[in-house]
Amino acid sequence: MDSVFITRRIPQKGLDLLEDVVEKTIWPGDLPPSKEQMIEAVREVDGLLCLLTDPVDAEVIAAAPKLRVISNYAVGFDNIDISEAVRRGIPVGNTPGVLTETTADFAFALLCAAARRVVEADRFVRVGKWQTWGPRLLLGADLWGATLGIVGFGRIGQALARRAQGFQMKVLFTDPAEVQILPDQPGVLRQVDLDTLLQESDFVSLHTPLTEQTHHLMNQERFALMKPTAVLVNTARGAVVDSHALYHALLDGTIAAAALDVTEPEPMPGDFPLLLLDNLIVTPHIASASVTARNRMAVIAAENLLAGLKGERLPFCANPQVYDQV
Ligand code: GLV
Ligand code: GLV
């Protein structure tokens with residue numbers, strides 16, 4: 001039987017598919033294995049099922065001479081050295097599609113929460129500051145009719161645009177590829193460059209993968225282009241935003257508010273300076289965390305793993321170049 005290492009306990013629906021067909025070792029901790037523990041654990045394995053918190057770099061891959069498949073329990077795969085996997089001919093699986101709507105729901109929740117100061121208002125009540133109804137108490141911004149800039153118009157970005165239609169928002173978007181706007185996307189106005197999007201949007205939501213090109217895409221110069229009333233939402237990857245620049249943009253009013261589900265660093269320690277700001281909402285990377293989405297991700301991750309072990313094409317492969325090599 002092929003032997004696999006699973007870096008954390010994933011939902012049972014995925015583990016059930018592996019029962020009696022592979023010999024599996026599941027990392028027992030709630031925290032990720034360290035690099036050394038990872039290297040130790042992969043020495044003899046044929047397959048690896050890992051999480052976005054597990055760096056699978058050239059060193060880890062090199063430590064696993066028998067490795068034939070890497071299955072990431074995530075749609076993003078910036079934690080994996082893809083070119084090294086390609087060099088070794090190892091297919092890398094990811095879990096697109098099943099978390100698209102779930103993640104877009106959460107991005108929209110953050111937009112609403114930041115625009116209408118929901119978290120700040122909750123804190124206000126809990127500390128006993130609520131004395132009367134106030135004509136100027138906790139005023140926020142309307143989502144309705146506002147302009148939403150979507151940075152990265154892939155599956156999740158487009159799913160967010162569908163939600164924005166219900167709020168009669170005007171949608172601008174950027175994407176590295178030319179995207180055709182379909183007739184059933186009435187609120188979607190046009191594809192623009194990033195600077196135009198930042199200048200014209202009331203809300204900006206990030207939906208790009210983390211790559212060399214998108215690392216610190218949101219930096220001091222880019223914040224300076226935004227409206228002082230604008231709200232930034234990040235459900236993509238933490239390092240797409242320069243945390244230091246964001247701190248200053250929020251502190252000095254360059255932008256009005258931000259809501260982050262992904263952070264730099266991640267996890268963000270409780271005493272991190274950004275957390276002193278009232279105009280910031282932070283959640284611990286939970287945009288895909290619905291019961292349904294996480295179950296479906298577990299099934300796909302298991303199916304990718306099993307396909308790779310059988311030498312079949314992965315149902316969802318992040319590096320299909322491996323199949324073009326001879
Ligand atoms: C979550 O961030 C994912 O990439 O699935
Ligand atoms: C992520 O890349 C998605 O759009 O599903």
Side-chain angles (χ1 to χ4, degrees), residues 6-11 13-15 27 30-32 48-57 69-82 85 91-111 150-160 175-176 205-218 232-241 243 258-268 281-305 314-320:
I6 304 176
T7 62
R8 226 79 47 74
R9 185 161 283 281
I10 60 168
K13 279 193 186 332
L15 296 177
W27 179 250
D30 290 328
L31 295 179
L48 173 64
L49 196 159
C50 52
L51 274 57
L52 57 90
T53 48
D54 308 313
V56 180
D57 58 13
V69 56
I70 300 170
S71 173
N72 210 34
Y73 181 72
V75 65
F77 43 84
D78 48 279
N79 57 309
I80 297 171
D81 185 336
I82 291 288
V92 174
N94 70 333
T95 65
V98 293
L99 47 66
T100 301
E101 302 295 337
T102 304
T103 302
D105 277 355
F106 197 78
F108 209 82
L110 289 180
L111 276 176
I150 300 180
V151 178
F153 210 56
R155 287 174 295 256
I156 299 171
Q158 296 190 29
L160 185 70
D175 199 82
S205 190
L206 305 177
H207 300 281
T208 68
L210 176 62
T211 63
E212 270 171 41
Q213 289 73 37
T214 63
H215 183 265
H216 286 190
L217 186 74
M218 291 308 301
L232 175 75
V233 170
N234 189 6
T235 54
R237 281 292 181 269
V240 177
V241 176
S243 278
L260 310 176
D261 183 52
V262 288
T263 60
E264 180 196 54
E266 188 172 309
M268 183 168 272
I281 296 174
V282 188
T283 53
H285 204 151
I286 56 169
S288 72
S290 77
V291 174
T292 307
R294 289 289 168 86
N295 279 337
R296 289 181 174 166
M297 287 166 66
V299 168
I300 292 182
E303 288 173 348
N304 278 336
L305 184 73
L314 308 196
F316 296 96
C317 186
N319 60 346

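Quick caveat: nothing in here was measured; it's all calculated off a predicted structure. Remember, it's 1-based here, ligands and their atoms both numbered in the order they're listed. Quick note: residue numbers are just sequence positions, from 1. Side-chain atoms are counted along with the backbone in the values below, which use heavy atoms only and exclude waters and symmetry mates.
Atoms CD1 and CZ, from Ile10 and Arg294 in turn, are 11.5 Å apart once rounded to the nearest 0.5 Å. One finds the CG atom of Leu314 at 9.0 Å from the CG atom of Asn94 (value rounded to the nearest 0.5 Å). Note: Ile281 CD1 to Leu260 CG = 9.5 Å, rounded to the nearest 0.5 Å. Interatomic distance, Leu305 CG to Ser71 OG, rounded to the nearest 0.5 Å: 5.5 Å.
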Need the list: ligand 1 N/O atoms against protein N/O atoms, distance under 3.5 Å, rounded to one decimal.
{"from": "ligand 1", "atom 1": "2 (O)", "to": "Arg237", "atom 2": "NH1", "distance (Å)": "2.7"}
{"from": "ligand 1", "atom 1": "2 (O)", "to": "Arg237", "atom 2": "NH2", "distance (Å)": "3.4"}
{"from": "ligand 1", "atom 1": "2 (O)", "to": "His285", "atom 2": "NE2", "distance (Å)": "2.6"}
{"from": "ligand 1", "atom 1": "4 (O)", "to": "Val75", "atom 2": "N", "distance (Å)": "3.3"}
{"from": "ligand 1", "atom 1": "4 (O)", "to": "Gly76", "atom 2": "N", "distance (Å)": "2.8"}
{"from": "ligand 1", "atom 1": "4 (O)", "to": "Arg237", "atom 2": "NH2", "distance (Å)": "2.7"}
{"from": "ligand 1", "atom 1": "5 (O)", "to": "Val75", "atom 2": "N", "distance (Å)": "2.8"}

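There is no side-chain donor-acceptor pair under 3.5 Å between Thr214 and Arg237.
Considering only heavy atoms from C-beta on, Phe77 stays 4.5 Å or farther from Ile70 through its side chain.
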